[in-house]
Amino acid sequence: MEPQIWLMKSEPEVYSIENLKRDKKTWWEGVRNYQARNFMTQKMKVGDLILFYHSNAEPSGVAGLARVCGEASPDKTQFDKASEYFDPKSTPQKPNWFCVQVKFEKVFPSFVPLTTLKTDPRLQELLVIKRGQRLSIQTVRLSEAQHICRLGGLEDLR
DNA sequence: GCCAACGTTGGC
DNA sequence: GCCAACGTTGGC
């Protein structure tokens, strides 16, 4: 089966693609939305490609590529009282929240700002440009991902 | 900083 | 189960 392609949002002030480049890989901790969690536990597979999106940024937009490198496992921040992601309802026996592991692939030679996504006629179905679309993990069509990569200065997805 | 949109919580 | 109140997201 073809690998699925995802768009994952992160606020660059919290964790940017440059942070991922430095770290090589990371657990995608802190997701506290059931739909996004279900994508990670039920749909995301090792090898899936990720468009790394900078949200709440100046400018917001797609900054580069990453890839799923570890399947969903319990998000350890839910058990950590000192963490802002602590969830008192979670126990190690019955965790509420999971996260996949993500590895760095590429920083786009040219950043693709949200304004470009919004005005491109080929990307009008892209979820991230829709008003009120807050989900932090979204699916992206192969044709859309390929087009975004070209806008970002890459020949293709690889 | 504002605020629209959306998700979650909790009283009933 | 309904829904008002509240909290969060995220563009602008």
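A, B, ... follow the sequence lines: proteins, then strands. Residue 1 opens every chain.
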* Which atoms form the tightest heavy-atom contact between A/A63 and A/F111, and what is the distance? -> CA-CD1, 3.7 Å
* Asked: Which of residues 125-132 of chain A have a heavy atom under 4.0 Å from DNA chain B?
  -> A/R131, A/G132
* To do: Answer yes when A/R32 and A/D75 have at least one side-chain N-carboxylate O distance shorter than 4.0 Å, and no when they do not.
  => yes
* Evaluation steps, side-chain hydrogen bond (donor to acceptor under 3.5 Å, both in side chains), between A/Y15 and A/D23 -> CA-CA 11 Å; A/Y15 197 85; A/D23 297 343; 2.6 Å; yes
* To do: Considering only NZ, NE, NH1 and NH2 on the basic side and carboxylate oxygens on the acidic side, decide whether A/E144 and A/R122 come within less than 4.0 Å.
  => no
* Rounded to the nearest Å, what distance is computed from the CD atom of residue A/E13 to the P atom of nucleotide C/dT9? -> 15 Å
* Asked: Do any side-chain nitrogens or oxygens of A/Y53 fall under 4.0 Å of OP1 or OP2 in C/dG11?
  -> yes
* Expressed in angstrom and rounded to an integer, what is the separation of A/E58 atom CD from C/dC12 atom P? -> 12 Å
* **Nucleotide nearest A/N56 (side chain, heavy atoms from C-beta), chosen from C/dC12, C/dT8, C/dG10** => C/dG10
* To do: Could you tell me which non-hydrogen atom of A/Y53 sits nearest to which non-hydrogen atom of A/S60, and how far apart they are?
  => OH-CB, 3.6 Å
* Measure from CG on A/N38 to C1' on B/dG7 and round the result to the nearest Å. => 14 Å
* Structure fact -> Per atom distances to the A/K89 side chain, the nearest of C/dG11, B/dT9, B/dA5 is B/dT9
* To do: Please confirm whether A/W6 and A/F52 have ring centers closer than 6.0 angstrom.
  => no
* **Interatomic distance, A/N96 CG vs B/dT9 P [rounded to whole Å]** => 10 Å
* Structure fact -> To the nearest angstrom, the CD-C1' distance between A/Q133 and C/dG10 comes to 12 Å
* Within this structure, what is the OH-to-P distance between A/Y34 and C/dG7, rounded to whole angstrom? -> 18 Å
* Structure fact -> Rounded to whole Å, CG of A/L135 lies from P of C/dT8 at a distance of 17 Å
* Asked: Do the side chain of A/R32 and the base of C/dT8 come within less than 3.5 angstrom through a donor-acceptor pair of N or O atoms?
  -> no
* To do: Check whether any side-chain nitrogen or oxygen of A/K9 sits under 4.0 Å from OP1 or OP2 of C/dT9, and answer yes or no.
  => no
* Round to the nearest Å and state the distance from A/N33 atom CG to B/dG7 atom P. => 7 Å
* **Verdict with reasoning, A/L20 to A/V102, per side chain to side chain contact (heavy atoms under 4.5 Å, CB included)** => CA-CA 9 Å; A/L20 182 60; A/V102 165; 4.0 Å; yes
